[in-house]
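As the structure lists them, so they are numbered: ligands from 1, and atoms in each ligand from 1. Residue numbers start at 1 and run along the sequence shown.
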Amino acid sequence: MSISMRVLRCMPSVVLRRNACRRSLSSSTSLWHKVDIKNGPGLQHFIANSVSPSTQQEIDTSEVDIPYIDNVSGDGQKVYFDVYGCQMNVNDTEVVWSILQAKGYEKTDEVLLADVILVVTCAIREGAETKVWNQLRNYRGLKKKRNRDKPPLRIGVLGCMAERLKEQLIEKERSVDIVAGPDSYRDLPRLLALSRDRHTAVNVMLSHDETYADVMPVRLDQNSKTAYVTIMRGCDNMCTYCIVPFTRGRERSRPISSIVDEIRYLSQQGIKEVTLLGQNVNSYRDLSEQQHFVAADTNLAKGFKTVYKSKKGGRRFADLLDRVASIDPEMRIRFTSPHPKDFPDEVLEVIRERANVCKHLHLPAQSGCSSVLERMRRGYTREAYIDLVQHIREMVPRVSICSDFICGFCGESEEDFKETITLMRTVVYNWMFIFMYSLREKTTAHRRLKDDVPDEEKRRRIEIMHQTLRMITEQTNKTQLGTRQLILVEGASKRSRQVLAGRNEANIKVNFPAGLLPMSPDSQERRPVEPGDYVVVEVGFLSLLYLILF
Ligand code: 5AD
Ligand code: SF4
């Protein structure tokens with residue numbers, strides 16, 4: 001029986017409404033009615049707009065007669081986006097904006113002018129969720145203050161929190177009108193249309209194949225010379241602490257051809273840097289190109305394992321990276337976030353050989369202690385990780401590496417924690433993202449392990465990690481003194497218009513004095529340096545003075 005059938009059963013009766021809907025909320029497309037159920041939208045909407053053709057055939061519509069939403073147009077309503085979390089959320093918002101713009105919505109950067117507020121949320125740690133709950137309270141205030149001459153302000157919660165907390169969002173935060181998980185953004189015009197009639201509209205169905213491959217994202221910052229391109233979604237790794245596999249679903253990759261088309265278009269638009277995105281970006285595998293089968297069909301380096309059965313065939317990340325890098329040699333390519341298990345030599349060779357692929361890798365270690373890594377289900381030991389770092393440095397000279405670390409995970413002893421600190425010092429990262437473990441419901445760690453490191457101790461450990469980070473980055477910055485670096489200019493620095501800011505290959509922000517550039521390589525005429533220019537700067541004393549060389 002299809003998912004929509006369960007929704008159908010909850011339609012005719014108000015008594016059934018709460019329980020039946022609650023059941024369907026956990027896994028499927030559904031609606032939550034605040035008003036009389038008879039006036040609410042019904043099965044027709046699911047059939048017309050949400051249900052795939054194969055599912056449609058399974059539904060018997062004979063017994064229902066429910067109004068039909070045929071106007072999903074935005075009619076110039078203004079949408080305000082409030083985005084939390086990772087780069088993927090920024091790019092998802094660009095997908096959402098593309099979908100809504102096509103239906104006649106407008107965007108506003110002024111929350112007081114909005115007809116609809118869409119909050120794109122993150123659920124990775126409790127702190128990320130707390131921020132959103134607080135903000136929702138503020139938005140509830142705006143809703144109450146709304147001028148009665150205008151249609152009611154509507155609030156939508158999108159993304160990972162929507163997926164994780166569906167019922168709670170509606171019950172606890174009664175001002176929420178739309179709840180849409182990461183795989184249901186195509187359905188937003190319909191959900192928004194339903195919410196206009198004071199219904200709460202919910203779609204949290206996860207998909208096995210949604211990649212939004214055919215949606216050309218509309219960039220939120222039209223002045224920026226950098227862009228994100230999502231190449232895969234979801235994660236099959238099931239690290240025991242992580243909620244992502246539950247909120248973002250199974251791993252799936254977008255066809256190479258659609259990625260190449262999008263990046264070609266971005267290059268024509270003058271974009272100078274693209275970051276390829278995915279929860280597990282280097283497990284990319286375009287299975288639509290099944291004819292491309294290679295004998296050595298594994299990504300796994302020695303000492304790495306996965307909990308899932310490796311996929312076979314198709315084009316892998318090295319192929320994609322090579323194709324993408326060849327589109328525009330003046331366009332920098334980055335990618336994030338990779339998993340250390342997916343760095344076969346083919347990938348490292350492309351990074352080494354292609355001048356425009358940044359020699360900078362994000363290599364999340366999470367812990368420096370093998371027994372903690374085992375409990376985290378990371379699929380490698382400390383030794384295997386260090387071997388990989390050495391191998392990467394041999395294959396890609398001058399590569400810089402950054403990492404993610406968690407302290408205070410279940411059962412982490414003082415000795416275990418010290419191993420994390422020694423790993424940080426051994427590898428000498430150019431940057432580290434560090435977090436205190438935050439228990440997430442549904443995860444394996446929640447079900448099987450004990451969150452037994454006290455908060456106070458977690459705070460002590462993270463402070464030591466911060467000190468270590470400061471010490472290491474001071475050291476690495478000193479080694480940069482006197483070096484010449486290629487900077488992609490972003491614009492004026494926060495400090496002054498006379499000081500410009502850009503990023504070096506290692507993604508570190510660099511400030512340097514504004515200057516002039518020749519109009520063309522042989523020209524005597526000069527123009528000011530602009531966003532999107534590449535300049536070579538010499539890193540000066542105390543990293544404060546940078547000289548433009550050309
Ligand atoms: N608690 C703390 N940090 C976490 N991360 C993922 N899940 C948790 C959690 N439950 C961190 C990991 C990951 C980064 C994106 O967030 O370090 O790489
Ligand atoms: Fe979460 Fe692990 Fe997947 Fe990263 S690899 S998203 S940490 S489950």
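- Scanning the protein for heavy atoms near atom 7 (S) of ligand 2, the closest one is Tyr241 OH, 3.3 Å.
- Listed by atom number, the atoms of ligand 1 under 4.0 Å from Gln366 heavy atoms are 12 (C), 13 (C), 17 (O), 18 (O).
- A salt bridge does not link Glu505 with Arg398: none of the charged nitrogens is closer than 4.0 Å to a carboxylate oxygen.
- Every atom of ligand 1 with a heavy atom of Ile406 under 4.0 Å away is listed here by number and element: 3 (N), 4 (C), 5 (N), 12 (C), 17 (O).
- For the pair Arg378 and ligand 2, a heavy-atom separation below 4.0 Å is found.
- Under the 4.0 Å criterion applied to side-chain N and carboxylate O atoms, Arg459 and Glu456 are not assigned as salt-bridge partners.
- With ring centers used as reference points, Tyr241 lies 6.0 Å or more from Phe435.
- Using modelled atom types and a 3.5 Å distance limit, the side chains of Ser283 and Asn280 yield a donor-acceptor pair.
- With a 6.0 Å radius and a threshold of 12 heavy atoms from other residues, nucleotides or ligands, Arg250 has its CZ atom at or below the threshold.
- Excluding water, every protein N/O/S atom under 2.8 Å from atom 3 (Fe) of ligand 2 is given here by residue and atom: Cys235 SG.
- Between Arg323 and Asp286 there is no salt bridge, since none of the side-chain N atoms of the basic residue sits less than 4.0 Å from a carboxylate O of the acidic one.
- Contact annotation: for Ile124 versus ligand 1, heavy atoms closer than 4.0 Å belong to both the backbone and the side chain.
- Phe405 and Tyr429 have perpendicular rings, their planes meeting at more than 60° on a 0 to 90° scale where under 30° would count as parallel.
- What sits closest to atom 9 (C) of ligand 1 on the protein, heavy atoms only, is Ser438 O, 3.6 Å.
- Using a 4.0 Å cut-off between a side-chain N of Lys or Arg and a carboxylate O of Asp or Glu, Arg233 and Asp92 qualify as a salt bridge.
- The shortest contact between atom 14 (C) of ligand 1 and any protein heavy atom is with Asp404 OD2, 3.5 Å.
- Between Phe335 and Tyr284, the ring center distance fails the sub-6.0 Å criterion.
- With a heavy-atom cut-off of 4.0 Å, Met436 touches ligand 1 through its backbone alone.
- Close contacts between ligand 1 and Tyr241 involve ligand atoms 6 (C), 7 (N), 8 (C), 10 (N) [criterion: under 4.0 Å to a heavy atom].
- Arg125 NH1, 3.2 Å is the protein heavy atom nearest to atom 3 (N) of ligand 1.
- Comment: Arg164 engages Glu129 in a salt bridge, judged by a side-chain N to carboxylate O separation of less than 4.0 angstrom.
- Using a 4.0 Å cut-off to heavy atoms of Arg440, the atoms of ligand 1 that qualify are 10 (N).
- Taking a cutoff of 4.0 Å between a charged side-chain nitrogen and a carboxylate oxygen, Arg285 and Asp342 do not qualify as a salt bridge.
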